[in-house]
Amino acid sequence: MVKVRFAPSPTGSLQLGNALTAVANRSFADRHSGVMLLRIDDTDAARSTRESADGIMRDLEWLGIPYEEGPVCQTGRIEAHRAAAGRLLEAGRAFEDGGTVRFDAERRPTLLRSDGSPTYHLASVVDDAELGVTHVIRGKDHLANTPLHVALAEALGLEPPEFLHHGLILAEDGHKLSKRHGLSSVADLRESGVPAEAVRAYLVELGLPRGDVHLDLARLRRLSLDAISAMSDAEFSARVGAPAALGPALRGAHDLNEARELARALLEPEAVQLGAAARPTLESFRELREAANGRLGEEASRALVKAVKAAGGDLRTLRLALTGRERGPELWTVVAGLPRDDALRRVDAAL
Ligand code: GLU
């Protein structure tokens, strides 16, 4: 059975490139009816934190990337790593060097640090084999490690997994994606209002790029719009934290933050004072809205706006009174989104 693993180092937040690795592993497992293991590569004690591990797991959940096994923390398997180093020493495939243990191979990489803790190379090879990982799918930044990982596995008498390396996500400017680019982590995208579906769709679309790819923010924006269009009004407004009736009024938003901002503007509009010329329009709206009980659906709201206009009303005036702004969502969506008493109160306040 195919078993893959996603093995982040908990030294910060989940970067987009790592999220690509996670999605690629998930897709591979699904395609082969296999399973995915989450392994937390926390052998670097100085840089690993619990918060980072928790954050990465939250980000995976937000993205909708489940795993069947784990999380397995490498620090919980240190005895197995030490035992492996001991076997290599015994077999003459490793040697001691100033308190450390090194692999007797071309690069002579460290396997155990002087404090007895295993390095990533040893821990990764031992865990991949002992946890039954059949395929390692990771970024090309690890390509240079692969011959070592295969040699180490063979020296231990373990069957090395198959390795697949994918291109990295670079910033739009071609540099390594980093914090200074603003949007570099899954959390950055979430906070900027991109729906999870869009991030996930973007990564699925990238698949297993052979070469490096440039982050395409325009594509991500397009996918955000698609994700929002695919949501029902109820789902959309719930994600935004707005009343369900506001759903149609928020449709013009390109992402969830824009929708939140729109909702806020509709729920807490600037107060406006309109002159005497506004009176006929607002009075006719008042009369019609008062007569209609409760919430208005799309049809009734459209009809009401039409009726105000037919009676000679000025819709710009009505919009100003209801929203405090000259521009905004289609007027019927505002009428549908506001409870009757709120609408009447706003109209009265403007007069
Ligand atoms: N913890 C390593 C990383 O995050 C995993 C590398 C690997 O997949 O072997 O880069």
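Atoms considered below: every heavy atom in the structure, side chains included; atoms not considered: hydrogens, waters and symmetry mates. Residue numbers start at 1 and run along the sequence shown. Each ligand, and each atom within it, is numbered from 1 in the order the structure gives. The structure displayed is predicted, hence computed values, not measured ones.
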Would [X] count as being in polar contact with ligand 1, using the rule that some N or O on each side must be under 3.5 angstrom apart?
X	value
Val136	no
His149	no
Asn18	no
Ser9	yes

For this session: Please work out which of Gly17, Ala7, Pro8, Ser48 has its closest non-hydrogen atom nearest to atom 5 (C) of ligand 1.
Result: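 Comparing heavy atoms across Gly17, Ala7, Pro8, Ser48, the nearest one to atom 5 (C) of ligand 1 lies in Ala7.
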Exercise. Between Leu256 and Pro195, what is the shortest heavy-atom contact and its length?
Worked result: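 Looking at all heavy atoms of both residues, the closest pair is CD1-CA, 4.0 Å.
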Problem set entry | Residue Asp41 vicinity, atoms of ligand 1 by number, heavy atom under 4.0 Å |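 Selected atoms, number and element: 1 (N), 2 (C), 5 (C).
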Exercise. Is the number of heavy atoms from other residues, nucleotides or ligands under 6.0 Å of His175 NE2 greater than 12?
Worked result: no
Exercise. Any non-hydrogen atom of Phe6 lying under 4.0 Å from ligand 1?
Worked result: no
For this session: Determine, using heavy atoms of Arg5 and all atoms of ligand 1, whether some pair is separated by less than 4.0 Å.
Result: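 Contact check Arg5 vs ligand 1: positive.
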Problem set entry | Matching residue for Lys3 among Glu162, Glu130, Glu69, Glu68 - test: salt bridge (charged side-chain N to carboxylate O under 4.0 Å, His left out) | Glu69
Problem set entry | Arg113 backbone acceptor or donor facing Thr110 side chain under 3.5 Å | no
For this session: Answer with yes or no after comparing the ring centroid distance for His142 and His165 against a 6.0 Å cut-off, counting only values under it.
Result: no
Exercise. Step by step, would you call Asp30 with Arg26 a salt bridge (charged side-chain N to carboxylate O under 4.0 Å, His left out)?
Worked result: CA-CA 6 Å; Asp30 291 344; Arg26 184 69 259 171; 2.7 Å; yes
